[in-house]
There are 2 protein chains.
Amino acid sequence: MGKLREPLDSHNCGLPAALEVMGERWSFMILRAAFNGLHHFEEFLGALGIARNILSNRLARLVEHGIMKREPLPDDRRKIEYRLTEKGLDLLPAMLALRQWGEKYGEGVPSNPVLCDSRDGVPIAAIGIRAHDGRALGPKDLEWRDRSDVGVTEKGDDSLKRPVLNVLR
Amino acid sequence: MGKLREPLDSHNCGLPAALEVMGERWSFMILRAAFNGLHHFEEFLGALGIARNILSNRLARLVEHGIMKREPLPDDRRKIEYRLTEKGLDLLPAMLALRQWGEKYGEGVPSNPVLCDSRDGVPIAAIGIRAHDGRALGPKDLEWRDRSDVGVTEKGDDSLKRPVLNVLR
DNA sequence: CGATTTGCGTTGCGAATTGCTACTTACCAA
DNA sequence: TTGGTAAGTAGCAATTCGCAACGCAAATCG
């Protein structure tokens, strides 16, 4: 039957790579705190209910993977500033998508604060899937295609195309 | 800028709610497998390198939280079909955002298969943050605002003051 | 029919991870 | 010097993970 059954390991998917760090407990919560303006060990410690050794471990791991950077402050050399790197900032869409999902299905938890367009102060749109030209796409507008088949044929060989909706039913 | 320091617990953020299930190990990988068309216990078991008891536990938990549904097949009552629910399908944007991030910063892992617009077969756009009207936003176009401040006109512009809850989808 | 295989799940146990609490080291301030 | 703060470590209990073996009902085979 289906020829398109893939190994699912990290050789053909960025998801395992992403989860290597962000899949660990507290990673996303630490990141959220960082996005909300926290920068110091004791701040994270107070805001999340995390144990010291775990926080220490996670921060080291996030730094190690280039998601946060660690630099001692010159004016008080006890203090260490943890800041998001570019790589860390790039996780914002994933984090917001997760948060919006949790908010949609959670027990009436209206998230706060809310991320807004600074131009007009209006909250951002829901994170969603869009076509290359920006059109919003729903589950029925989507299909998995083999990478080698992408762009070359438009309506030629459909043998490698799979509708996403067969997942639903 | 100093006023916006929030408790970060699950009372004002959907992220902890989302992580309650999806933060556990293997949850995202199981979901990815489901999105790729796997439906049965032994299929998941073979595709991911997961232990039986863990898979059993995770599937039960995903079902328990309404992310997947479990139904025995009538033609072979040994077989159980695990399928994504609507709630599970709604995790696709978050999963894709994570995957794209992992792919961007991973060791040259071009993900396969690729999600495409079924209308023209072109791969979808990168998951990103957009304004309510669809404009793509960068990190510098964003600001956190208290929920009570959104919708009540800012900068004297009343044309956009309608309370935006779920603009898109 | 009886024997074997298949699909899904459970149990037991050692290993790894987490969490709690106390301790340490470096620094600043009086 | 004394006291307090910031970051990190150490020890130990509790939880979770992972592997292998076992259980069991439903299908399949001879």
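The analysis underlying the following values was restricted to heavy atoms, covering all of them including side chains, and did not include hydrogens, waters or symmetry mates. Naming convention: chains lettered A, B, ... in sequence-line order (proteins, then strands); numbering from 1 in each chain.
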### Query
Starting at CZ of B/Arg70 and ending at C1' of C/dG9, how long is that distance when rounded to a whole Å?
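Going from CZ in B/Arg70 over to C1' in C/dG9 covers 9 Å.
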#### Entry: Closest-nucleotide 5' rank along DNA chain C - winner of A/Pro74 and B/Glu42
B/Glu42
### Message
Base of D/dA7, side chain of A/Arg52 - is there a donor-acceptor contact under 3.5 Å?
### Response
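Counting by modelled atom types and ignoring angles, a donor-acceptor contact under 3.5 Å is found here.
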### Query
Below 4.0 angstrom from OP1 or OP2 of C/dT17, is there any side-chain N or O of A/Arg61?
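No, A/Arg61 has no side-chain N/O under 4.0 Å of OP1/OP2 on C/dT17.
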### Query
OP1 or OP2 of D/dG18 sitting under 4.0 Å from any side-chain N/O of B/Trp26?
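Checking D/dG18 against B/Trp26, a side-chain N or O does come within under 4.0 Å of OP1 or OP2.
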### Message
Measuring from atom CG of B/Asn57 to atom CZ of B/Arg52, what distance do you get when rounded to the nearest 0.5 angstrom?
### Response
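Atom-to-atom, B/Asn57:CG and B/Arg52:CZ are 14.5 Å apart.
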### Query
Salt bridge check: are A/Arg77 and A/Glu71 linked by an N-O gap of less than 4.0 Å?
no
### Task
Would you mind checking if A/Arg145 and A/Asp149 are paired as a salt bridge, meaning a charged N to carboxylate O distance below 4.0 Å?
yes
The side chain of [X] lies closest to which of these nucleotides: [options]?
X	options	value
B/Lys79	C/dG7, C/dC20, C/dT11	C/dG7
A/Arg77	C/dT18, C/dC27, D/dA7	C/dC27
B/Arg78	D/dA25, D/dC19, C/dA22	D/dA25
B/Asp76	D/dA26, D/dC17, D/dG8	D/dA26

### Message
Base, sugar-phosphate or nothing for A/Phe44? Non-hydrogen atoms, less than 4.0 Å.
### Response
nothing
